[in-house]
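What follows is a short report on a single structure.
Letters go in sequence order (proteins before strands), and every chain restarts at 1. Note that the structure is predicted; figures quoted are calculated from it, not measured.
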Amino acid sequence: MTLDFLGGLERTHMCGQLRAEDAGRHVVVMGWVNRRRDHGNLIFLDVRDRSGITQVVLDREISGEAHAKAEAARPEFVVAVVGTVRRREAGMDNPNMATGEVEVVATRLLLLNDARTPPFSPAEGAIANEEVRLKYRYLDLRREEMQRNFLLRHKVAQEIRGYLSGEGFLEIETPFMTRSTPEGARDYLVPSRVHPGSFYALPQSPQIFKQILMISGFDRYFQVARCFRDEDLRADRQPEFTQIDLEMTFPKQEAIFRVAEGFLRAAFGTAGVTIPTPFPQMTYDEAIRRYGIDKPDMRLPAMVDLSETLTPELRITLKIEQELPVLGFTIPRVGSLSGTQRRALVDEIRGIFGDCGLDFLDTARLRTNAEFVPLAEAIGAKLNAEQIVFGGENFTNDDLAIVVTPKLGTPERWNFDSQWIPKRVGALRLELAKKYADRHKLFEKTGTAADFRFLWVTDFPMYEWNEEHSRWDAAHHPFTSPHEEDITSGRLVSDKGRVRALAYDVVLNGTELGSGSIRIHRKDVQQEIFRSLGMTNEEAQSRFGFFLDALEYGTPPHGGIALGLDRIVMILAGATSLREVIAFPKTAKAIDLMVEAPAPVSETQTRELSLRIAHRP
RNA sequence: GGGGACGUAGCUCAGUUGGUUAGAGCGCUGCCCUGUCACGGCAGAGGUCGCGGGUUCGAGCCCCGUCGUCCCCGCCA
């Protein structure tokens, strides 16, 4: 088979573009052979490009030469078609394709390139396993679904750029090769050839640079910034990812919320979803208390504190600790469970709790004992009263009610960690919600704004107690400003556990989309924070001396936020893994299966970099 | 670092209690076909059962180890 050259031929139309009104037009389309249907003297080729698919007809009587070439064509061959658009005859339309009212009658067919039989067909909707998809990513990306995802990603990024630019933000690039920033994750390091033994670090975020841009007077900055973190992966975590990173001067927290809401609204608008703004807000304390997690999924009803429905006497009868909270929640519309299902559920929940001291009450079974009917009713009434948050629906017998009770003789740690019980119950709430997703259908997409429940979580704690090292760590990062009154009151020193940060997360359907804060703009406060984190002045000076210096030259109050672009697109695309919206992602072991990275390097390279490999596998 | 699931033809998967020559659909190759669009018909090719070791008369199946992919915890905003 001889291949044809493109020569002077130019494409006139995209495949997906042709419609009935194009009938009679002479066209040139180019693309890949999606499918071939050979009827002997008549061959149909479905030709595909980015825009879609169009049917090409090759009739031996019209052009024997083109027909002969079509006989040789196979899936994924690259072809150019010269021909005429024809309105299909009555009854031969294909309503399943956008171009189904027409076809291109070919007078010439050019085979521009052949193709090996692919390991899986980009024409198929069914997906090969991910290992194969990632190894042959170029074939995977030809699939319509992937083309759609990356078109969406492009549009979202364009909208955000446009919005922020319109709001006076300047897009400024910051370096990839820099020095370690204190985000808390492990750094990817780049050895320096010129400075043996020294390394650049790839940025975990452009944090310090964007703050310095505020000191530099740019007023408003943004960047579609690649960030790198050498930590273990998850479905929603890749070692390199993209953030919409922004910073502004003289902001109230609310000003930053309005900007983020604005660009999210623009981004979701491109997907045809009008999200309501402003988003609701909730403090970190309330999120833990009512949802047991700092990123509540607002599609599900909150937890309810049922402590008061249990009198001291009842607690004794039911062997429940007197002082500890009793929390309940409902999973809506689970429907009635059979005895077997209920027993399996009991075992499952007990298995999840293990021997940590938590147990739970089955309200349905409570009702079977006359003595406990009033309790069951009180619980039902309380759940009812609190379910206002869930669309005003009343609690019914179709809703699964779980009441978690701390048993007598509970572990001592609860006494000083007030978050332990709510977090544990909150985790169970999510687990059961996932288990019964098919029944309650609250996670199903309806195609409306109700699918996307945004939330601001505010007033995060400034410090977190690190059990392992017996010290206070920065909960966010050490450039986050505490509340002003926590500074003036001296709590920074006297009561670290109660210091609130001017830090906030934006949460969507239980996923953290982004995180930001008002920053420290005074050197004395910054030094105090470094000190309170156990950093000596010398240490602070050696790591962040340049930044402390910069703070001394007229630093305006400033703050910002960064949102994960990959996660935004993932949720909009209805995907459950970032790999569906990152063109060349890595596996759970951080490997690129296509290029086979990381890879060993030659002795020459390591010698040049003054490196020696201690252990070669 | 820990827990779980998976690994059989190019792809998706079946394979019973350990028992003869490991199957199906799709794809692929050849031939036939002028209205298909997941075209159809006939014929055919295609297997290191992830890899290594063990138990056994006999292993795709049981045991141990190892590698890879995915999910979760730890870790990570």
Side-chain angles (χ1 to χ4, degrees), chain A residues 34-47 53-62 67 71 74-76 86 88-97 99-101 103 105 116-136 139-140 182-187 204-205 207 227-239 241 243 245 294-295 352 427 430-431 434 457 460 464 466 468 473-477 480 501 503-507 511-517 561-564 567 576-577 579 586-591 593 617:
Chain A
N34 199 58
R35 281 204 172 82
R36 186 179 70 113
R37 292 178 293 281
D38 186 346
H39 289 241
N41 290 325
L42 189 69
I43 297 174
F44 298 99
L45 289 185
D46 287 344
V47 178
I53 294 170
T54 206
Q55 173 167 284
V56 175
V57 188
L58 295 112
D59 191 329
R60 182 170 273 161
E61 288 175 9
I62 292 173
H67 177 272
E71 280 186 323
R74 290 294 178 273
E76 302 312 310
R86 177 165 74 192
R88 294 196 194 183
E89 282 175 37
M92 288 195 282
D93 288 0
N94 184 346
N96 297 322
M97 52 200 292
T99 59
E101 289 183 342
E103 60 195 2
V105 181
R116 288 168 60 186
T117 302
F120 60 93
S121 167
E124 299 279 335
I127 313 174
N129 76 59
E130 246 191 300
E131 217 172 327
V132 183
R133 289 177 59 202
L134 290 176
K135 180 166 180 196
Y136 300 93
L139 296 176
D140 188 37
E183 296 286 317
R186 274 183 282 262
D187 289 314
Q204 295 179 30
S205 84
Q207 185 60 35
C227 304
F228 306 85
R229 289 175 192 169
D230 185 6
E231 295 294 340
D232 287 351
L233 285 75
R234 286 283 190 285
D236 61 354
R237 261 161 41 190
Q238 282 273 317
F241 58 99
Q243 295 211 318
D245 189 55
D294 61 0
K295 41 184 180 182
I352 290 168
L430 288 178
E431 193 136 345
K434 210 194 274 176
V457 178
F460 274 74
E464 254 167 18
N466 184 325
E468 197 185 334
D473 285 345
H476 194 65
H477 55 57
T480 301
Y504 33 83
D505 280 2
V506 57
V507 174
T511 297
E512 180 200 318
L513 270 196
S515 189
S517 64
I561 192 166
L563 277 80
R567 285 187 180 175
T576 53
S577 163
R579 293 184 297 275
K586 306 212 171 22
T587 69
K589 289 234 171 91
I591 289 169
L593 290 175

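The side chain of A:E103 sits closest to B:rG35 out of B:rC72, B:rU69, B:rG35. Ranking B:rA77, B:rU69, B:rC70 by closeness to the A:D294 side chain, first place goes to B:rA77. Among B:rG35, B:rC75, B:rC72, the nucleotide with an atom closest to any side-chain atom of A:R86 is B:rG35. The side chain of A:R237 lies closest to B:rG74, out of B:rA77, B:rG74, B:rC37. Considering only side-chain atoms of A:A185, the nucleotide from B:rU34, B:rC28, B:rA77 that sits closest is B:rA77.
Within the nucleic acid shown, A:Q238 has no heavy atom closer than 4.0 Å to any nucleic acid atom. At the heavy-atom level, A:A475 lies under 4.0 Å from base atoms of the strands shown. As judged by a 4.0 angstrom heavy-atom cut-off over every strand, A:N34 is placed among residues making no nucleic acid contact. Across all strands shown, A:T587 has heavy atoms under 4.0 Å from sugar-phosphate atoms exclusively, and none from any base. Within 4.0 Å (heavy atoms only), A:D59 reaches at least one base atom of the nucleic acid. Heavy atoms of A:E512 sit under 4.0 angstrom from at least one base atom. Note on A:R60: nothing from the nucleic acid sits closer than 4.0 angstrom, heavy atoms only. Using a 4.0 Å heavy-atom distance criterion, A:E131 is classed as a sugar-phosphate-only contact.
The CD-C1' distance, from A:Q55 to B:rA38, rounds to 13 Å in whole Å. Rounded to whole Å, atom C1' of B:rC75 lies 7 Å from atom CZ of A:R186.
For A:R88 and B:rC37, a side-chain-to-base donor-acceptor distance below 3.5 Å is present, hydrogens and geometry of angles not being considered. Between the side chain of A:R35 and the base of B:rC37, no donor-acceptor pair of N or O atoms lies under 3.5 Å. Contact of A:R36 with B:rG27 (side chain to base): no donor-acceptor pair of N or O atoms is detected under 3.5 Å. In the interface, the side chain of A:R116 is not paired with the base of B:rC28 through any donor and acceptor atom under 3.5 Å apart.
Using N1 to N3 plus N6-O4 or O6-N4 for Watson-Crick, or N1-O2 and O6-N3 for G-U wobble, each under 3.5 Å, B:rG35 pairs with nothing. When both pairing distances are held under 3.5 Å, B:rA22 makes no Watson-Crick or G-U pair with any nucleotide shown. Nucleotide B:rU55 forms no Watson-Crick or G-U wobble pair with any nucleotide shown, as no partner meets the under 3.5 Å limit on both distances. Remark: B:rG74 base-pairs with no nucleotide in the shown strands. Criterion, Watson-Crick or G-U wobble with two distances under 3.5 Å. With a cut-off of 3.5 Å on both pairing distances, the Watson-Crick or G-U wobble partner of B:rA5 is B:rU69.
Close to B:rC70, at under 4.0 Å from its OP1 or OP2, lies no side-chain N or O of A:R133. In this structure, A:R37 reaches the B:rC39 phosphate: one of its side-chain N or O atoms is under 4.0 Å from OP1 or OP2. For the pair A:R74 and B:rU29, the criterion of a side-chain N or O lying under 4.0 Å from OP1 or OP2 is met. Put simply, A:Q204 has no side-chain N or O that comes within less than 4.0 Å of OP1 or OP2 on B:rC76. For the pair A:N41 and B:rU34, the criterion of a side-chain N or O lying under 4.0 Å from OP1 or OP2 is met.
Side-chain contact between A:R35 and A:I53 is absent, with no heavy-atom pair separated by less than 4.5 Å. Residues A:V57 and A:F44 meet the side-chain proximity criterion, which asks for heavy atoms closer than 4.5 Å.
Put simply, A:H39 does not rest on the base of B:rU36: the two rings are not both less than 5.5 Å apart at their centres and under 30° in tilt.
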Heavy-atom protein contacts under 4.0 Å, nucleotides 1-11 of chain B, coded B base, S sugar-phosphate only, - none: B--------SS
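Each of A:D38 and A:E89 lies near RNA chain B, and the nucleotide nearest A:E89 is the one positioned closer to the 5' end.
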Criterion side-chain hydrogen bond (donor to acceptor under 3.5 Å, both in side chains) on A:Q204 and A:D187, from CA distance to verdict: CA-CA 7 Å; A:Q204 295 179 30; A:D187 289 314; 2.5 Å; yes
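The existence of a salt bridge linking A:E231 and A:R186 is confirmed by a sub-4.0 Å separation between a basic side-chain nitrogen and an acidic carboxylate oxygen.
In this structure, A:R74 contributes its side chain and A:E71 its backbone to a donor-acceptor pair below 3.5 Å.
Considering every non-hydrogen atom in both A:I43 and A:D38, the closest pair reads CG1-OD1, 3.5 Å.
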